[in-house]
A.B. asks: 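One structure follows; several queries about it will come next.
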Amino acid sequence: MASDALTTRTHTTAAAAGRRRLLSSRAGLTLLAVVLSLISLFPVLWMVTSSFKTRATVTDGRLIPQDFTFQNFVYVFTEVPFARYLWNSFFISTVITVAALFFHSMAAYALARLRFPGRERLFGAIFATLLVTAPVVLIPLFLVARELGLLNSYAGLIIPAIFNAFGIFLLRQFYLGLPKELEEAAVIDGCGHWRVYWNIVLPMSRPILSALAIFFFLANWNAFVWPLVATSDQDLTVVQLGISSFQTQYTSNWNYILAAATVAALPMLVLFFIFQRQIVESIKTSGLK
């Protein structure tokens with residue numbers, strides 16, 4: 001009896017110690033997550049609060065503005081065609097995102113499900129382009145766009161940005177995880193590859209497509225180098241080039257820059273909060289860790 005009681009107390013003590021270690025580990029991870037979140041959010045908070053400062057106080061080092069003003073936003077929308085810049089970025093990013101999802105999903109489905117000679121080599125060649133950085137192809141891309149007459153046009157801003165190996169790779173990995181039985185049943189019912197892709201594969205791809213839509217839209221909303229090289233027309237200026245226009249030769253109007261950056265960041269923040277569940281689901285289902 002005494003031995004059984006001692007064994008029970010030992011197990012109870014060990015279980016209590018394990019629970020304490022688990023709680024301590026969880027508390028440490030929670031504290032680390034809070035600290036990292038604050039570090040990530042602080043620059044955004046600084047940008048928003050500084051956008052309400054005057055030019056004389058924008059670099060005073062204070063988080064809370066002493067001279068609160070809306071004139072920075074008034075200047076941004078009245079003295080320069082910033083609404084036009086926002087529309088250009090929205091239109092270009094939307095068209096690129098829709099076209100990229102359509103073509104990338106078709107290419108990824110073919111590389112994941114269809115059997116044809118050279119499939120693996122073709123995928124390897126596409127995947128290898130991820131190792132080539134954007135500055136390397138900037139000059140050849142500019143020369144090709146000039147020869148095709150795409151400079152200073154929406155087509156020149158849209159077409160080169162549609163094709164990206166990252167989207168094809170991520171969608172292919174997702175399609176490889178889909179059960180083949182669904183496609184086999186559809187083929188038995190008389191469906192061709194197009195109907196299988198359109199009626200079965202695409203509806204099942206909503207989580208990963210939603211996440212890719214966010215990534216593509218954000219990348220093209222923040223595009224700077226290619227629009228700077230490919231356009232000189234004021235009517236085609238995108239929002240990032242518009243923000244850089246507040247920098248003069250000798251100084252920078254940081255109050256206007258921060259106000260414009262705040263306006264440009266708001267759509268992205270709203271988009272992320274709306275689709276954050278789809279982003280998390282896509283990461284879970286695509287095999288990324």
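Count residues from 1 along the sequence. This structure is a prediction, so every number in the text was calculated from the model and none was measured.
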A.B. asks: Using a 4.5 Å cut-off on heavy atoms from C-beta on, say whether the side chain of Y85 contacts that of V238.
C.D. replies: no

A.B. asks: Indicate every side-chain donor-acceptor pair of residues 127-150 with a distance under 3.5 Å to a residue at least two apart or in another chain.
C.D. replies:
| from | atom 1 | to | atom 2 | distance (Å) |
| --- | --- | --- | --- | --- |
| T129 | OG1 | I126 | O | 2.5 |

A.B. asks: Which Ile, Leu, Val, Met, Phe, Trp or Tyr residues join V74 in one cluster when any pair of side-chain heavy atoms under 4.5 Å counts as a link?
C.D. replies: none

A.B. asks: Is a side-chain donor or acceptor of S50 paired with a backbone partner of M47 at a separation under 3.5 angstrom?
C.D. replies: no

A.B. asks: Are the ring centres of F70 and F68 closer than 6.0 Å?
C.D. replies: yes

A.B. asks: Give me the ring orientation class for F77 and F82: parallel if the planes are under 30° apart, tilted from 30 to 60°, perpendicular past 60°.
C.D. replies: perpendicular

A.B. asks: Do H104 side-chain atoms and I162 backbone N/O form a donor-acceptor pair below 3.5 Å?
C.D. replies: yes

A.B. asks: Are the side chains of L111 and F116 in touch, meaning some heavy atoms are under 4.5 Å apart?
C.D. replies: yes

A.B. asks: Mind checking what makes side-chain contact (heavy atoms from CB on, under 4.5 Å) contact with A213, not counting sequence neighbours?
C.D. replies: T97, L101

A.B. asks: Please identify which of these residues, T59, D60, N72, meets the side chain to side chain donor-acceptor pair (under 3.5 Å) condition with K53.
C.D. replies: D60

A.B. asks: side-chain contact (heavy atoms from CB on, under 4.5 Å) between L114 and H193: does it pass, once the steps are laid out?
C.D. replies: CA-CA 9 Å; L114 304 186; H193 291 302; 3.4 Å; yes

A.B. asks: Parallel, tilted or perpendicular for Y197 and Y109, by the 30°/60° rule?
C.D. replies: tilted

